[in-house]
Amino acid sequence: MKKVLVTGGAGFIGANLCRRLLAEGSYVVCVDNLYTGRMINIEEFIGRTAFEFINHDIIEPLEIVGGIDEIYNLACPASPPHYQKSPIFTMKTCILGIINMLELATANHAKIMHFSTSEVYGDPYVHPQVETYRGNVNPIGSRACYDEGKRCAETLCFDYHRVHGTKIKVIRIFNTYGPGMDPADGRVVSNLIMQALKGEDITLYGDGKQTRSFCYVDDMIEGIIRMMASADEFMGPVNLGNSGEFTIQELAEIILEMIPTNSKITYQNLPKDDPVKRKPDLSLAYNRLNGWEPRISLREGLVPTIEYFKNIKNCDLNKK
Ligand code: UDP
């Protein structure tokens, strides 16, 4: 039985990944410090013989008794309000966290996948973003703790590979949504759906003309699994996401079409360094991951996502 470690396994993508890995017959060690991860995301796995939860912060070194075969390193606050709340902690999670996980991978001859981000492209001049584009990040801005932390983590992966021969995989994931999202994480999909469900004002930041590309979580998980199974010499970085591009205004209009509500669109200040546009070039993923491409359109994926949020009660929106 393959033994896999998922850091950030109680987060939105992490818990969806744990479910898939368990379904495939792996033994899953889920590590999370519950800073943004939530026990509710993993409670369905607790008690299963092939699942183990460790409450641990990857800023501290970690040893796994009996070793480990594969590591998925997701642990890091990922929504702008969360990662900006404690920027030094965010940076430590990115950098000390990946060093600790690379040490663990190297000592165990395990394969490690690092979850990088479209944020490494910053406010991009190249559109859509190809992996060879080196990005436009403000190194001293309020998003830098995450953007530069993730960039440095990519560097560390490749340096461990060059110095120690560590087996690495680096993916750059674009905005992802679906069941399991934290209703209070302050991101656009969760905010807008929750606002529409509660009949509150819809908060668009800036003029709403900035674009994002939204990937349904099941498509994302399939890409992740294929990347881990790909040949060792393919280390990435590779983009994973959905190339459908929407303005935030369009997203709001779709959500308002899908949820009967009295909510009205309002416009608020645009956060600093908010990227103007974002859309992945997915040709590398398609070519190297057996024709992987997202199958679920935004309108299709919003149906189960809205259902999920409808079932959540007594939650507050975390305003930016
Ligand atoms: N946004 C918005 N209203 C909200 C939350 C976010 O208009 O209530 C905007 C935000 O300014 C950004 C986009 O939606 O332009 C996506 O924001 P999110 O925090 O989801 O992710 P990002 O891609 O910025 O990391």
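For the numbers below, each heavy atom of this structure counts, side chains included, while hydrogens, waters and symmetry mates do not. Please read all numbers here as calculations on a predicted model, not as lab measurements. Every number for a ligand or one of its atoms is a count from 1 in the order of the listing.
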I need the atoms of ligand 1 closer than 4.0 Å to a non-hydrogen atom of [X], numbered in the order shown.
X	value
R278	22 (P), 23 (O)
L204	7 (O)
N191	4 (C), 5 (C), 8 (O)
T203	2 (C), 3 (N), 4 (C), 7 (O), 8 (O)
R143	22 (P), 24 (O), 25 (O)
E119	25 (O)
P80	19 (O), 25 (O)
N175	21 (O), 22 (P), 23 (O)

E119 bridged to R143 by N-O distance under 4.0 Å: yes
Nearest heavy atom to atom 5 (C) of ligand 1 wins, so pick from Y205, Y267, F174. Y205
Counting heavy atoms only, which of R212, K209, R187 is nearest atom 23 (O) of ligand 1? R212
For ligand 1, note which part of Q210 has a heavy atom under 4.0 Å away: side chain, backbone, both or neither. side chain
Only one of Q249, E245, E250 passes side-chain hydrogen bond (donor to acceptor under 3.5 Å, both in side chains) with T211, and that residue is E245
Is there a heavy atom in [X] that sits closer than 4.0 Å to ligand 1?
X	answer
S79	no
Q249	no
Q268	no

Mind checking whether V188 has an N or O less than 3.5 Å away from an N or O of ligand 1? yes
Parallel, tilted or perpendicular, judged at 30° and 60°: which one describes the rings of Y133 and Y121? parallel
Students often mix this up, so state it plainly: with edges at 30° and 60°, are the rings of F246 and F214 parallel, tilted or perpendicular? tilted
